[in-house]
*Asks:* 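Could you have a look at this structure, given as structure tokens, before my questions?
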Amino acid sequence: MIELKGGPPNVGIILPPEYFARPAEILARDLVGAVVCRRLAGEETRHVITETEAYLGPHDLACHSARGRTARTEVMYGPPGTLYIYLVYGLHLMLNVVAGPEGIGAAVLIRSAGAVQGPGRLGKELALSMDLNGREGCALTGLWFEQGFKPSRIFANPRIGVVYAGSRWAGRKLRFAADA
DNA sequence: GCAGTGATCATA
DNA sequence: ATGATCACTGCC
């Protein structure tokens with residue numbers, strides 16, 4: 001487990017798959033302040049993650065895996081650290097990482113990073129494509145995560161766009177954002 | 001405020 | 001095969 005202590009921040013250390021092998025609720029909180037990195041055509045870009053959401057598994061009615069294991073949700077059941085990408089509203093590709101423990105179908109949605117606010121815009125900024133779906137987040141894939149900074153303050157609020165899940169789940173504070 | 005856009009999933 | 005439903009955004 002990687003821990004940020006006092007002193008100079010350890011930027012540039014790639015988060016290994018084991019890092020993601022924790023409950024989504026914990027992981028989502030810890031990923032705020034981490035860095036999402038992309039390499040495309042030889043160019044590397046980095047954005048500090050500012051907003052995430054946790055999707056806990058089949059018991060979480062807002063989670064895709066609550067509808068069972070399907071062709072789309074299959075990758076959520078894969079190893080932690082796997083990228084889960086999907087299209088919403090016919091337009092926007094969402095970036096998620098599978099959380100642990102393996103096999104329960106939990107993931108963390110990366111909503112905002114750097115100056116880019118909103119998961120759809122982030123998908124565009126990172127030039128996501130469906131062939132990243134199911135791949136491990138690592139340098140070879142061209143999309144990975146690095147250790148970043150510990151935000152001074154993190155807010156927890158209800159997730160966006162999940163009212164259909166009912167108040168019990170829509171109301172839970174599973175969305176995490178850094179102090180702006 | 002709401003139209004656009006297309007994969008996905010349930011119903012048949 | 002058909003139709004409703006979206007982890008949203010941008011322009012009215």
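Within every chain, numbering begins at 1; the chains are lettered A, B, ... in the order of the sequence lines, protein sequences first and strands thereafter.
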*Asks:* Enter syn or anti for the glycosidic conformation of C/dA4, syn applying to angles within 90° of 0.
*Replies:*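 Base orientation relative to the sugar is anti.
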*Asks:* Taking C-beta and beyond as the side chain, do A/Tyr84 and A/Val108 meet within less than 4.5 Å on heavy atoms?
*Replies:* no
*Asks:* Do the numbers put A/Arg22 on top of the ring of A/Phe20, so that NZ or CZ is under 6.0 Å from the six-membered ring centre and no more than 45° off the axis?
*Replies:*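 Verdict for A/Phe20: no cation-pi partner in A/Arg22.
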*Asks:* What nucleic acid atoms does A/Gly120 come within less than 4.0 Å of, heavy atoms only: base, sugar-phosphate, or nothing?
*Replies:* sugar-phosphate
*Asks:* A/Arg159 near the nucleic acid: base, sugar-phosphate alone, or nothing, with a heavy-atom cut-off under 4.0 Å?
*Replies:* nothing
*Asks:* Check every nucleotide of DNA chain C for an atom under 4.0 Å from a heavy-atom of chain A, then give the first and the last such nucleotide from 5' to 3'.
*Replies:*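 Listed 5' to 3', the contact boundaries are C/dC6 to C/dG10.
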*Asks:* Should A/Arg159 and A/Asp60 count as an ion pair when the cut-off is N to O under 4.0 Å?
*Replies:*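 Answer for the salt bridge query: yes.
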*Asks:* Report the residue (A/Thr70 or A/Val88) whose heavy-atom-nearest nucleotide on DNA chain B is the more 5′ of the two.
*Replies:*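 Nearest-nucleotide comparison on DNA chain B picks A/Val88.
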*Asks:* Enumerate, in order of first residue number, the stems that involve DNA chain B, defined as 3 or more consecutive Watson-Crick or G-U wobble pairs with both distances under 3.5 Å.
*Replies:* B:1-4 with C:8-11, B:6-11 with C:1-6
*Asks:* Could you tell me if the side chain of A/Val88 sits less than 4.5 Å from the side chain of A/Met94, heavy atoms only?
*Replies:* yes
*Asks:* Whether A/Glu25 and A/Arg172 form a salt bridge (side-chain N of Lys/Arg under 4.0 Å from carboxylate O of Asp/Glu) is what I want to check.
*Replies:*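 Yes, A/Arg172 and A/Glu25 are salt-bridged.
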*Asks:* Salt bridge between A/Glu74 and A/Arg72, side-chain N to carboxylate O under 4.0 Å?
*Replies:*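 Result for this pair is no, no salt bridge flagged.
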*Asks:* Quick check on salt bridge (charged side-chain N to carboxylate O under 4.0 Å, His left out): which of A/Arg121, A/Arg29, A/Arg175 does A/Glu51 satisfy it with?
*Replies:* A/Arg175
*Asks:* Measuring from atom CG of A/Leu95 to atom OH of A/Tyr86, what distance do you get when rounded to the nearest 0.5 angstrom?
*Replies:*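 Here the rounded value is 10.0 Å.
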